[in-house]
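So you know, we letter chains A, B, ... as the sequences are listed, proteins then strands, and number each from 1.
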2 protein chains.
Amino acid sequence: MDKKVREDVHTTGVPTLCQACDARHRGVCGALNTNQLVTLSKHSVRRKLDPGTELVGEEQDVSQYSNVIGGVVKLTKMLSDGRQQIVGLQFAPDFLGRPFSRSSRFSAEAATDVELCSFSKGLIDRMIDESPDLEHKLLEQTLKELDEARDWMLTLGRKTAAEKVASFLHLIAVNVDPEASESEGPITFDLPLTRADIADFLGLTIETVSRQLTKLRKDGVIHIENNRHITVPDIERLNDRASL
Amino acid sequence: MDKKVREDVHTTGVPTLCQACDARHRGVCGALNTNQLVTLSKHSVRRKLDPGTELVGEEQDVSQYSNVIGGVVKLTKMLSDGRQQIVGLQFAPDFLGRPFSRSSRFSAEAATDVELCSFSKGLIDRMIDESPDLEHKLLEQTLKELDEARDWMLTLGRKTAAEKVASFLHLIAVNVDPEASESEGPITFDLPLTRADIADFLGLTIETVSRQLTKLRKDGVIHIENNRHITVPDIERLNDRASL
DNA sequence: GGGCGGCGTTGATCCGTATCAATCGGCCCG
DNA sequence: CGGGCCGATTGATACGGATCAACGCCGCCC
């Protein structure tokens, strides 16, 4: 579809939904036509969530889809005895929601401050029916998530604690600042997750995560400030630790 | 599309491609129109593979898609030092292939005797462009695989060896004989994987897999004949062991 | 028939990560 | 200012699964 047309939509007083959504061309809105955009904009809500806010519970019915505008959303599954595993992290501008299924198989929770653009599921489902572009976009995002999930299965099943933590840092570096991680030179970023979340993502305990982080720090692979702020002087050394 | 039409295709001398593909409505062929079916049938090859045959290598270019007609295909990823992880199992009538990407991110290998129906990637990619139904089918299969991958991440990250093995048996039971696992009474099936493959799927060693299987046998949860043939007298007891 | 190789089981030991416990620092609130 | 809470770190110990090693079973081929 034509970029100019979509700009017109926004400049004629329609809410700012899609300026954010397709900022990096992965939100659903890039695949909609003008009419659909206008309709969607009228029925969408922009909202901010505090860390820990639950968006959808496991097995719970879902009536909303969302685009992640900012922050990180964690997708978690839990066993009956409380053991927990994070099965995915959604960064801006990921799409959040499971087409063709009424209930969610995991819970979605804000890991950081999160900014969302939410809209009714039924509306999008109807648009999917009439718009192949939208379905194509969804297929691409789903395939990407599947690739990521499978990559992570290798990490969960076969890597040591040290490699897992290094892999995690690499993943965060790539996702919070894709440009910086491409170029040369030191990379710095803030961890969007607590130690407990990192442990749940890696299938480890908080103590092991903490120990491995201090080991990386003592070995000079990373610098840590205020528990959250990370500097990686040489990304290659980190990748070696991650067995990438 | 109309069932009668498709039957006509087959009864008028066109190869049997799609009788198998849409047997359980998950192959791609169920979403094609008559013209596409005829074209595809002309350009498709049915073939049998021995266990261990590699279909696609990791990072290798893919020029073929396939439907799995029978047997089990394992998708594996490997680290540079040889550690291996199975990231997915494909049963009939799953679709095998990664749209929108020229190279595969994992290798695909026959775990058992496998029967396939293969066709050129370019042909299907063109049909995807012109047929929303096909894309819809692919999206559904991809979503299903994503759900399965995320379920397995919980198993890999948070379950004990005993729970992993029980979870694996449950998964196989459900996939090789979906009907039997729904109804009451004992379930029996053949393991499609060697102990080494099971270990690679579960992120364990063969020794641990073996020990956990004998433990389940000694506890009367399963019976084993000839290393491969399994009987589960009471599926509930197995599920308990799997923490399902 | 006998040897051999692949697959699986079982035993002894080791090591990595979990568990339990204590402490620290920052932050909020009384 | 002091107390209490939460997240993180660090230390001591326990334990589950990996590793190393030996052996059994079975089919295949010389």
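The aromatic rings of F119(A) and F95(A) sit parallel to each other, their planes meeting at less than 30°, with 60° as the upper class boundary. The aromatic rings of W152(A) and F201(A) sit parallel to each other, their planes meeting at less than 30°, with 60° as the upper class boundary.
Atom CD in Q212(A) sits roughly 14 Å away from atom C1' in dT10(D) (whole-Å rounding). Nucleotide dA8(D) holds its P atom 9 Å from the CG atom of D197(A), rounded to whole Å. Distance, R158(A) CZ to dT17(C) P: 14 Å, rounded to whole Å. Across the protein-nucleic acid pair, R83(A) atom CZ and dG16(D) atom P stand 13 Å apart, rounded to whole Å. Between the CD atom of E225(A) and the P atom of dA8(D) there is a distance of 16 Å, given to the nearest Å. Protein atom CG of N227(A) is 12 Å distant from nucleotide atom P of dG25(C), rounded to whole Å. Whole-Å rounding puts the I206(A) CD1 to dT19(C) P distance at 11 Å. Taking atom NZ of residue K215(A) and atom P of nucleotide dG16(C), one finds them 11 Å apart after rounding to whole Å.
The side chain of T205(B) places no N or O atom within less than 4.0 Å of a non-bridging phosphate oxygen (OP1 or OP2) of dG17(D). Taking side-chain N and O atoms only, T214(A) has a distance below 4.0 Å to OP1 or OP2 of dT10(D). Distances shown here put a side-chain N or O of T208(B) below 4.0 Å from the OP1 or OP2 atom of dA18(D).
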Scan the side chains in residues 218-226 of chain A for donor-acceptor partners under 3.5 Å anywhere in the protein, sequence neighbours excluded, and list what turns up.
| from | atom 1 | to | atom 2 | distance (Å) |
| --- | --- | --- | --- | --- |
| D219(A) | OD2 | K215(A) | NZ | 3.3 |
| D219(A) | OD2 | R241(A) | NH1 | 3.2 |
| D219(A) | OD2 | R241(A) | NH2 | 3.2 |

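Counting heavy atoms from C-beta on, the side chains of L143(A) and R98(B) come closer than 4.5 Å.
Across all strands shown, L204(A) has heavy atoms under 4.0 Å from sugar-phosphate atoms exclusively, and none from any base. Residue G52(B) is out of contact with every strand shown, counting any heavy-atom pair closer than 4.0 Å.
Side-chain N or O atoms of K77(B) include one that pairs as donor or acceptor with a backbone N or O of R105(B) at under 3.5 Å.
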Generate the contact string for nucleotides 20-28 of chain D. Rules: B means base contact, S means sugar-phosphate contact only, - means no protein heavy atom under 4.0 Å. B--------

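Evaluated for a side-chain hydrogen bond (donor to acceptor under 3.5 Å, both in side chains) with Q141(A), the options K137(A), K144(A), E145(A) yield exactly one hit, E145(A). Checked options V73(B), L55(B), D113(B), T112(B); the residue passing with L49(B) is L55(B) (criterion: side-chain contact (heavy atoms from CB on, under 4.5 Å)).
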